[in-house]
Amino acid sequence: QVQLVESGGGLVQPGGSLRLSCAASGSIASVSTMGWYRQAPGNQRELVATMPHTGSSNYADSVKGRFTISRGNAKNTVYLQMNSLTPEDTAVYYCNARLATWGRLGFNDYWGQGTQVTVSS
């Protein structure tokens, strides 16, 4: 069993900052890419940023220069520093991890429960 637990969402004024955190736990053999996606009301879930175990991070054009993704030393945690937030960033943010578990072949995607980010004055 694998759990992804997110934290750090909330209400912030335009121009403000928030930092999201996500930790993966459970029967984990290896973690590959971790990342963040978001879904606003009436919209499909979209990629925000991803970071592989090694290599370059990937960002949506709409957040480049404002958001920064990072991984913890244990590689099973991922963070999203969000600066210069705008109302258009309002959404439920989901943590994603592609990982291998003991007793199951290959890498599979796992999702957190989501954390609400609301940008409003």
Side-chain angles (χ1 to χ4, degrees):
Q1 195 80 356
V2 172
Q3 280 192 318
L4 271 63
V5 178
E6 301 133 332
S7 62
L11 174 64
V12 64
Q13 291 187 339
S17 298
L18 281 175
R19 186 174 188 251
L20 304 183
S21 301
C22 173
S25 63
S27 183
I28 299 170
S30 180
V31 182
S32 177
T33 299
M34 296 189 76
W36 293 93
Y37 292 72
R38 67 186 181 187
Q39 187 168 17
N43 291 353
Q44 290 188 332
R45 191 173 297 187
E46 63 177 7
L47 179 148
V48 176
T50 60
M51 187 171 187
H53 182 74
T54 58
S56 300
S57 302
N58 180 45
Y59 294 92
D61 288 342
S62 59
V63 307
K64 283 180 181 177
R66 301 187 299 121
F67 291 11
T68 302
I69 189 170
S70 60
R71 299 274 293 264
N73 288 335
K75 299 298 183 183
N76 65 334
T77 54
V78 64
Y79 307 96
L80 187 68
Q81 178 66 42
M82 304 185 293
N83 299 329
S84 302
L85 285 160
T86 72
E88 288 68 38
D89 296 314
T90 296
V92 178
Y93 284 69
Y94 295 91
C95 175
N96 170 268
R98 178 159 293 181
L99 53 87
T101 57
W102 297 109
R104 185 179 181 187
L105 290 175
F107 285 79
N108 296 278
D109 284 320
Y110 293 84
W111 295 89
Q113 80 285 357
T115 185
Q116 177 70 46
V117 171
T118 301
V119 185
S120 175
S121 55

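- Residues V78 and C95 have side chains in contact (heavy-atom distance under 4.5 Å, counting atoms from C-beta outward).
- When the options T90, T115, N43, D89 are evaluated for a side chain to side chain donor-acceptor pair (under 3.5 Å) with R38, the one that passes is D89.
- Note on ring orientation: taking the six-membered ring where Trp is involved, the planes of F67 and Y93 are tilted (angle from 30° to 60°).
- Between the S21 side chain and the Y79 main chain, no donor and acceptor come within less than 3.5 Å of each other.
- Judged by distance alone, with hydrogens and angles left aside, the side-chain atoms of R98 form no donor-acceptor pair with the main-chain N or O of S32 at under 3.5 Å.
- Here the closest non-hydrogen pair linking Q113 and L4 is OE1-O, 3.4 Å.
- Results of the side chain to side chain contact (heavy atoms under 4.5 Å, CB included) test with V48 over N58, N96, L80 single out L80 as the only residue that passes.
- In terms of hydrophobic clustering, with Ile, Leu, Val, Met, Phe, Trp and Tyr side chains grouped at heavy-atom distances under 4.5 Å, L18 and Y37 are assigned to different clusters.
- For the atom pair CD1 of I69 and CH2 of W36, the computed distance is 8.0 Å after rounding to the nearest 0.5 Å.
- The two residues L20 and G9 make their nearest non-hydrogen contact at CD2-N, 3.6 Å.
- Within the model, atoms OG of S62 and CG of L47 stand 9.5 Å from one another, a figure rounded to the nearest 0.5 Å.
- Pairing each heavy atom of T50 with each of T33, the nearest pair is CB-CG2, 3.9 Å.
- Cluster membership check: V12 shares its hydrophobic cluster with V63, using side-chain heavy-atom separations under 4.5 Å among Ile, Leu, Val, Met, Phe, Trp and Tyr.
- Under the 4.5 Å side-chain heavy-atom criterion for grouping Ile, Leu, Val, Met, Phe, Trp and Tyr, Y59 is connected to V119 within one hydrophobic cluster.
- In terms of heavy atoms, V117 sits closest to M82 at CG2-CE, 3.9 Å.
- Here Q3 contributes atom CD and I28 contributes atom CD1; the two are 10.0 Å apart, rounded to the nearest 0.5 Å.
- To the nearest 0.5 Å, the span separating CZ on F107 from OG on S30 amounts to 4.0 Å.
- Among all heavy-atom pairs drawn from A91 and A40, the shortest one is CB-N, 3.8 Å.
- Residues S121 and P14 approach most closely at N-CD, 3.7 Å, considering heavy atoms.
- At a threshold of 4.5 Å between non-hydrogen side-chain atoms, the residues R19 and Q81 count as touching.
- Residue S57 holds its OG atom at 12.5 Å from CE of M34, rounded to the nearest 0.5 Å.
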